[in-house]
Number of protein chains: 2
Amino acid sequence: MFATNNFVDHLMKPTDAELEILHVLWANGPSTVRQVHESLSQSRDIGYTTALKLMQIMHEKGLLSRDAESKSHTYTAAVSEEDTQRGLVDRFVETAFKGSASKLVMQVLGQHKASQQELEEIKQLLNQLNNEHN
Amino acid sequence: MFATNNFVDHLMKPTDAELEILHVLWANGPSTVRQVHESLSQSRDIGYTTALKLMQIMHEKGLLSRDAESKSHTYTAAVSEEDTQRGLVDRFVETAFKGSASKLVMQVLGQHKASQQELEEIKQLLNQLNNEHN
DNA sequence: TTGCATCTACGAAATCATTCGTATATGTTT
DNA sequence: AAACATATACGAATGATTTCGTAGATGCAA
C-alpha cells in the first residue's frame with residue numbers, strides 16, 4: 001500500500017458560494033469579476049460587489065490567484081477541481097455517512113439516474129478495484 | 001416512471017452538529033440528553049448544555065420528537081436516516097458536482113478503500129440498474 | 001422539609017458566511 | 001483636463017451555527 005492523500009487535510013473547505021465561483025473558473029478558465037458575475041447571474045440574483053467581495057476573500061484564503069496588471073484583475077482557480085472534490089467528499093462521507101463510503105455509493109446509485117455509458121464506466125472501475133484486491 | 005421524492009425538498013437540512021446527534025439517536029434509539037451527551041463526549045469535547053440546547057433547537061425544527069413525562073426528557077429522531085441522507089446527497093451532488101452523480105461515484109470509489117463484499121454489493125446494484133435500462 | 005443532584009429554559013457571546021452600499025481609484029472619451 | 005464608465009477596497013449589517021453560563025424547576029434523600 002502506498003501513502004495516501006494526507007494533503008487533503010490542509011485543503012481549505014470552500015463554502016457554497018465559493019464553490020459556485022470555483023465551478024465557473026474551472027469551466028471557463030481565468031476570468032474577471034465581471035465575467036464571473038455575469039455567469040453567476042444566469043442562475044441566481046447576485047450583486048456585482050458581492051461577487052467581487054467573495055473573490056477577494058477567496059484570494060486572501062489562497063483559493064484564487066490573480067493578475068492585477070490591467071484595471072480589471074484576472075482571477076484563476078488556485079485549487080484543482082479534483083483535489084477540491086476529494087476534500088469535499090472526505091468530509092461528506094465522514095459527516096453524513098460516518099465514514100462508510102460504500103453506503104454513500106449505494107445511496108447515490110439508487111437515487112440518481114445514470115446513463116448506460118456512465119454505468120459502464122463505473123463497472124469498469126469496479127472491476128479494476130476488484131483486481132487490485134486479489 | 002413513477003413520481004419520485006419531491007418531499008426531499010421539504011426536509012430540513014441538518015447542520016453538522018445536528019447530524020452528530022441524529023447519528024447517535026439512529027444508532028442507539030430514543031435517548032436522554034445525558035445519554036446523547038455521553039456518547040458525543042467520546043469523540044469530542046462538548047458541554048452538557050450545548051448538547052441540550054442543540055436538541056431543543058432540533059425539537060423546535062421538527063428534527064426530533066420528545067417525551068417529557070419524567071424529569072429528564074426522552075428524545076427520538078423524527079426523520080429517518082435514509083430520508084435525511086437522501087436529502088444531503090441531493091444537495092451535495094448539486095453543489096460539489098454540479099449535478100453529476102456518476103462523477104461523485106467515480107470520485108468516491110477511486111478514493112476510498114472498500115471491502116470485497118462491499119464491492120460485490122455495489123456491482124449487484126449496478127447490474128440491477130442495467131437491467132432496468134433495457 | 002430542607003438540601004442536593006440533576007434537569008430544562010433561556011440569554012447571549014463568538015464565529016462565520018453572505019450580502020451590498022459607499023468611497024475611492026483608474027482609465028477612456030470628448 | 002474634465003467627465004464618465006467601470007474597477008477595486010472596505011466597512012458593516014444580517015442571519016445562521018455553535019457554544020456555554022446562569023437561573024430556576026424538579027425530584028429524591030437525609
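Chain identifiers are assigned alphabetically (A, B, ...) following the order of the sequence lines, protein sequences preceding nucleic acid strands; residue numbering begins at 1 within each chain. All figures in this text were calculated on a predicted structure; none of them were measured in a lab.
Nearest-nucleotide mapping onto DNA chain C: of B:V33 and A:L52, the residue sitting toward the 5' end is B:V33. Position along DNA chain D of the nearest nucleotide to B:Y48 versus B:K61 favours B:K61 as the more 5'-ward residue. Nearest-nucleotide mapping onto DNA chain C: of A:T49 and A:D16, the residue sitting toward the 5' end is A:D16.
Side-chain N/O atoms of B:R34 include none lying less than 4.0 angstrom from OP1 or OP2 on C:dT6. For the pair B:R66 and C:dA9, the criterion of a side-chain N or O lying under 4.0 Å from OP1 or OP2 is met.
Note: A:Y75 and A:H73 have tilted aromatic rings, judged against thresholds of 30 and 60 degrees for the angle between ring planes.
B:T50 comes within 4.0 angstrom of a nucleotide base, judged by non-hydrogen atoms across all strands. As judged by a 4.0 angstrom heavy-atom cut-off over every strand, B:T15 is placed among residues touching the sugar-phosphate backbone only.
Distances from the side chain of B:S72 to the nucleotides D:dC20, C:dT19, C:dT8 place C:dT8 closest.
A donor-acceptor contact under 3.5 angstrom links the side chains of B:Q107 and B:Q111, judged on distance only.
In this structure, B:Q35 atom CD and C:dC7 atom P are separated by 10 Å, rounded to whole Å. Distance CD1 (B:I57) to P (D:dG15): 17 Å, rounded to an integer number of Å. A straight line from CG of A:D45 to C1' of C:dC20 spans 13 Å, rounded to a whole angstrom. Rounded to a whole Å, the CD atom of B:E60 is 14 Å from the P atom of C:dT8. Atom CD of B:Q56 and atom C1' of D:dG21 are 14 Å apart (whole Å). One atom, CE of B:M55, and another, P of C:dC10, lie 17 Å apart when rounded to the nearest Å. In this entry the distance linking CG of B:L63 with P of D:dT18 reads 12 Å, nearest Å. In this structure, A:L54 places its CG atom 14 Å from C1' of D:dA9, rounding to the nearest Å.
At a threshold of 4.0 Å, the pair A:R44-A:E20 counts as salt-bridged, since one of the basic side-chain nitrogens sits closer than that to a carboxylate oxygen. Electrostatic pairing of A:E18 and A:K61 counts as a salt bridge here, judged by a charged N lying under 4.0 Å from a carboxylate O.
Each of B:L88, B:V105, B:V89 was evaluated against A:L104; a single residue qualifies, B:V89, per the side chain to side chain contact (heavy atoms under 4.5 Å, CB included) test.
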